[in-house]
Amino acid sequence: MAQVTVHLWSGLRRLTDGAEAVEVEASTVGEALDAVATAHPGVKPVLDAGVSVVIDGEMTTSRHQQVTPENEIYLMQRLKGG
């Protein structure tokens with residue numbers, strides 16, 4: 001596993017003591033999400049409800065997608081509507 005940086009949308013920052021990004025050990029999207037939730041337990045309910053993950057400008061829905069320190073990883077609020 002490698003150290004990756006996960007960038008957070010502004011609504012999550014209140015749950016991470018204002019951090020705009022969190023560095024975690026992960027090799028997949030799922031591991032990154034789990035590590036963020038472990039480091040900041042207040043974020044877990046939001047992540048469990050569903051978030052959008054964007055890697056290098058491409059949205060992914062796979063928790064199994066590989067991530068590396070070179071990737072730009074962003075968590076974004078899942079948009080709902082109809």
Side-chain angles (χ1 to χ4, degrees):
M1 273 192 259
Q3 190 87 2
V4 299
T5 302
V6 180
H7 300 270
L8 309 171
W9 82 84
S10 61
L12 286 183
R13 295 177 192 161
R14 64 183 171 80
L15 304 171
T16 60
D17 298 322
E20 293 182 22
V22 178
E23 291 193 13
V24 296
E25 292 280 329
S27 59
T28 66
V29 168
E31 289 174 354
L33 292 173
D34 293 344
V36 170
T38 298
H40 300 280
V43 172
K44 186 170 177 15
V46 178
L47 299 182
D48 288 347
V51 297
S52 295
V53 180
V54 178
I55 300 172
D56 298 333
E58 299 286 327
M59 192 172 304
T60 184
T61 58
S62 173
R63 287 182 55 91
H64 302 290
Q65 182 168 336
Q66 298 292 309
V67 293
T68 68
E70 292 77 28
N71 292 127
E72 289 186 342
I73 306 166
Y74 286 84
L75 298 185
M76 300 179 68
Q77 187 172 13
R78 183 169 284 170
L79 298 178
K80 298 178 184 176

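Computed from a predicted model, the values in this text were never measured in an experiment. The first residue of the sequence shown is numbered 1, and numbering continues consecutively from there.
More than 12 heavy atoms of other residues, nucleotides or ligands shown are found within 6.0 angstrom of CZ on Arg63.
Under the 4.5 Å side-chain heavy-atom criterion for Ile, Leu, Val, Met, Phe, Trp and Tyr, Met76 and Val51 are members of distinct hydrophobic clusters.
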Show the atom names and distances, to 0.1 Å, of all donor-acceptor pairs under 3.5 Å that link a side chain in residues 37-44 to residues at least two apart or in another chain.
residue: Thr38; atom: OG1; partner: Asp34; partner atom: O; Å: 3.0
residue: Lys44; atom: NZ; partner: Asp48; partner atom: OD1; Å: 3.3
residue: Lys44; atom: NZ; partner: Asp48; partner atom: OD2; Å: 2.9

Atom pairs and distances, side-chain donor-acceptor, residues 52-59, under 3.5 Å, sequence neighbours left out:
residue: Asp56; atom: OD1; partner: Glu72; partner atom: N; Å: 2.7
residue: Asp56; atom: OD2; partner: Asn71; partner atom: ND2; Å: 2.7

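Looking at heavy atoms from C-beta onward, Leu75 lies in side-chain contact with Leu33 at the 4.5 angstrom threshold. You'll find the side chain of Ile73 stays beyond 4.5 Å of the side chain of Thr5, heavy atoms only.
Glu25 contributes atom CD, which lies 7.0 Å from atom CE of Met1 (distance to the nearest 0.5 angstrom). Rounded to the nearest 0.5 angstrom, Glu31 CD and Gln65 CD are separated by 13.0 Å.
Minimum heavy-atom separation, Val29 to Ser62: CB-O, 3.5 Å. The two residues Ala32 and Val6 make their nearest non-hydrogen contact at CB-CG2, 4.2 Å.
Looking at Arg13, its side chain does come within 3.5 Å of a backbone N or O of Leu8 through a donor-acceptor pair.
Listed by first then second residue, pairs satisfying ring pair (Phe, Tyr, Trp, His ring centres under 6.0 Å) with a partner in residues 1-34 read His7-Tyr74, not counting sequence neighbours.
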